[in-house]
Amino acid sequence: MQLALFIQSVINGLNQGAIYALIALGYTMVYGIIRMINFAHGDFIMVGAYTLFYTIPLMISAGMPAWLAVIVAIAVCVIVGVTVEVVAYRPVRGQGSMTALITALAMSLFLENLAMVLFGANPKSVPAIFTLPTVNFLGATLQTKYLLTFGIGAVIMILLQLFVKKTKLGKAMRAVPQDKEASTLMGIHVNKIITTTFAIGSGLAAVAALMYCSTYPRCTTDMGSMMGLKAFIAAVLGGIGSIPGAMLGGLVVGLIEIFVKVYIAPGWYEAITYGLLIIVLLVKPSGILGKNVGEKV
Amino acid sequence: MLSVKDLNVSYGAIHAIHDVSLDVNDGEIVSLIGANGAGKTTILHTITGLKKAQSGSVTYNDNDLLKTEPSKIITLGMAHVPEGRHIFPGMTVEENLEMGAYIRKDDLSSSMKEVYERFPRLKERRRQLAGTLSGGEQQMLAVGRALMSKPSILLMDEPSMGLSPLLVKEIFSIIKEVHKQGITVLLVEQNAKMALSISDRAYVLETGHISMSGAADELLNDEQVKKAYLGL
Ligand SMILES: Nc1ncnc2c1ncn2[C@@H]1O[C@H](COP(=O)(O)OP(=O)(O)OP(=O)(O)O)[C@@H](O)[C@H]1O
Ligand SMILES: [Mg+2]
């Protein structure tokens with residue numbers, strides 16, 4: 001029984017952690033490239049979740065698997081993310097980090113209030129996305145859909161890491177934050193790379209929305225800011241700007257959340273997560289896997 | 001041919017470049033010399049689009065560079081080795097060279113081999129992060145990276161800055177070699193003596209104005225130049 005609960009918690013924690021990791025990647029990639037915390041990033045998940053809420057029934061009535069709705073959600077999130085970047089963030093770029101910060105907060109409020117107007121204040125229940133059996137493993141009842149979402153998350157993270165390390169576009173995404181002028185001289189269109197980064201981050205938010213909704217089939221207009229905060233902590237814990245850091249940070253935060261809920265007390269996990277964050281930042285201010293790059297102007 | 005005409009450039013209220021005109025013909029080495037703050041870097045930055053001009057024109061083989069999107073300028077065959085190297089510190093030596101060839105779609109292996117033959121030190125360190133290279137090695141990398149785009153003209157901003165006398169010699173001999181292979185060079189230098197000794201022509205820049213220009217060997221023997229820039 002003890003072991004069963006433990007195994008179940010590990011699986012739940014990894015599932016939860018993979019969701020946070022995917023969201024944290026969005027924060028970290030944008031921060032990595034323009035040194036800005038995109039506070040509206042959490043709200044992209046909300047956009048993805050509502051898109052799923054409206055498109056899953058359409059998929060089902062068309063006789064297609066429900067999860068295909070994620071393709072629509074990715075498209076919608078990418079459009080929203082890129083629009084926010086081009087319309088709101090680009091015009092204030094180079095006018096100081098405080099301006100960027102306030103713009104991002106304003107975008108977050110705007111998206112949440114817009115959602116309130118469009119979708120109403122009542123929570124919506126998202127239809128089941130995966131109907132997968134549970135399996136018994138060493139006495140533990142495991143949800144195979146958790147394993148599936150964790151698997152999806154892991155594959156995406158590996159692909160992303162390969163993309164950034166090996167492809168030309170990925171290398172350009174690494175070059176731009178290191179030296180924008182030199183990047184331009186190499187023929188890299190810096191604004192296009194920044195927009196691409198937002199597109200990827202927003203697309204990942206849509207996948208995170210799918211994973212979230214298959215675990216907690218509910219969407220509310222403020223879900224983004226709550227999820228976003230935890231994922232942001234994950235990104236900082238892992239080392240903001242570092243892609244492997246976001247993945248590790250996400251998994252750590254997810255595991256802590258589930259384990260504290262199960263073994264200590266449900267109300268405690270936030271305090272413990274923040275406590276860990278403070279300790280890590282005291283020991284290593286740049287986060288677990290963060291490099292001390294220093295602000296470059 | 002690179003042609004700058006009546007160029008004016010400002011930083012806010014600071015009018016850094018006044019009515020500067022200069023030409024670099026295909027196949028030449030032309031140097032631009034001048035004291036600190038004269039505006040040499042500003043001119044190069046304006047040519048490659050890193051800085052906006054106020055008025056005037058910059059053309060390269062009939063392309064209007066002032067109207068060209070900065071990231072497209074390298075596709076016209078113009079590579080810029082910026083002052084202070086500006087290598088990508090968090091990328092390996094090899095990745096830096098690959099970034100130099102960002103606009104190319106063909107196979108890079110022969111260019112990579114050429115750069116490594118010219119700079120054996122870079123080959124030894126190709127998996128090392130560029131930020132961990134010594135200053136001289138970083139300069140070699142900056143030059144190698146620029147060559148990876150197969151440029152027809154190379155703009156170099158103080159390539160000898162901060163190098164030991166031995167490395168200064170080496171960098172100038174590399175410039176000569178590169179030039180022999182048919183690459184036109186616009187060289188910005190404080191080391192006027194070395195620069196003039198390898199150049200065809202030169203311009204002297206003083207607080208944003210061209211104060212003198214002519215054949216490099218004539219300038220080398222000019223009394224004023226000798227006094228002001230050659231320390232003689
Ligand atoms: N970003 C900037 N903002 C304001 N003024 C600038 C800026 N960059 C250069 N300047 C000014 O423009 C003038 C020309 O500078 P520039 O860097 O072009 O000189 P330089 O000839 O390259 O000098 P050096 O030999 O020291 O590199 C200087 O007076 C400088 O203070
Ligand atoms: Mg300079």
Side-chain angles (χ1 to χ4, degrees), chain A residues 28-29 31-35 86 90 93-96 161-197 238-246 286-287 289-297, chain B residues 41 44-52 65 68-92 94-106 108 129-132 138 141-151 154-157:
Chain A
T28 233
M29 288 172 70
Y31 182 85
I33 204 152
I34 51 175
R35 296 283 178 266
V86 173
R90 191 179 295 176
R93 197 131 66 229
Q95 299 185 14
Q161 191 67 1
L162 286 175
F163 168 76
V164 167
K165 284 273 178 238
K166 302 285 178 209
T167 67
K168 209 163 180 170
L169 189 57
K171 284 177 191 171
M173 288 175 60
R174 280 191 292 142
V176 167
Q178 292 179 41
D179 199 319
K180 289 196 176 53
E181 289 195 344
S183 297
T184 305
L185 293 178
M186 302 299 113
I188 298 170
H189 193 302
V190 170
N191 272 338
K192 277 189 195 155
I193 298 296
I194 293 173
T195 305
T196 308
T197 307
I240 191 134
S242 153
I243 287 178
S286 54
L289 297 180
K291 283 181 279 260
N292 236 331
V293 276
E295 302 271 311
K296 258 208 145 159
V297 269
Chain B
T41 299
L44 293 196
H45 277 201
T46 313
I47 293 173
T48 50
L50 294 179
K51 173 79 188 120
K52 291 266 165 286
L65 297 191
T68 306
E69 173 13 77
S71 65
K72 289 280 172 291
I73 285 179
I74 190 169
T75 62
L76 305 174
M78 178 177 282
H80 180 168
V81 183
E83 181 177 53
R85 294 132 198 174
H86 285 266
I87 46 122
F88 299 109
M91 297 177 116
T92 64
E94 188 138 313
E95 285 174 333
N96 267 270
L97 294 176
E98 286 168 8
M99 294 318 293
Y102 187 74
I103 54 159
R104 286 176 52 184
K105 295 194 166 63
D106 55 333
L108 304 182
L129 288 185
T132 64
Q138 290 190 3
L141 180 58
V143 176
R145 184 180 65 175
L147 293 175
M148 287 297 291
S149 67
K150 291 195 175 165
L154 195 57
L155 315 186
M156 302 179 93
D157 198 343

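FYI, side chains are in, hydrogens and waters are out, and symmetry mates aren't considered; it's all heavy atoms of this structure. Below, chain A is the first sequence line, B the second, and so on; all start at residue 1. Being a predicted model, the structure only gives us computed values, none of them experimental.
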Can you give each donor-acceptor pair under 3.5 Å made by side-chain atoms of residues 44-51 of chain B, sequence neighbours left out, with the distance rounded to 0.1 Å?
residue	atom	partner	partner atom	Å
B:Thr46	OG1	B:Thr42	O	2.6
B:Thr48	OG1	B:Leu44	O	3.1
B:Thr48	OG1	B:His80	ND1	2.8
B:Lys51	NZ	B:Ser10	O	3.0

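- A search for salt bridge (charged side-chain N to carboxylate O under 4.0 Å, His left out) contacts involving A:Lys171 returns B:Glu98, not counting sequence neighbours.
- Taking both residues in full, the closest heavy atoms of A:Thr184 and B:Pro70 are given as CG2-CB, 3.6 Å, listed atom of the first, atom of the second, then distance.
- Atom NZ of A:Lys168 is surrounded by more than 12 heavy atoms from other residues, nucleotides or ligands within 6.0 Å.
- Among all heavy-atom pairs drawn from A:Leu185 and B:Pro82, the shortest one is CD1-CG, 4.0 Å.
- With a threshold of 4.5 angstrom between heavy atoms, B:Arg145 approaches chain A through side-chain atoms but not through N, CA, C or O.
- For B:Ala101, the part lying near chain A is the backbone, with the side chain staying farther off; criterion is any non-hydrogen pair under 4.5 Å.
- When the options A:Lys165, A:Lys166, A:Arg174 are evaluated for a salt bridge (charged side-chain N to carboxylate O under 4.0 Å, His left out) with B:Glu95, the one that passes is A:Arg174.
- Once rounded to the nearest 0.5 Å, the distance linking NE2 of A:His189 with CD of B:Glu69 reads 3.5 Å.
- One finds the CD atom of A:Gln178 at 9.0 Å from the CE atom of B:Met99 (value rounded to the nearest 0.5 Å).
- The shortest non-hydrogen separation linking A:Ser183 to B:Phe88 is OG-CE2, 3.5 Å.
- Separation of atoms CE (B:Met148) and CE (A:Met186) is listed at 11.0 Å; rounding is to 0.5 Å.
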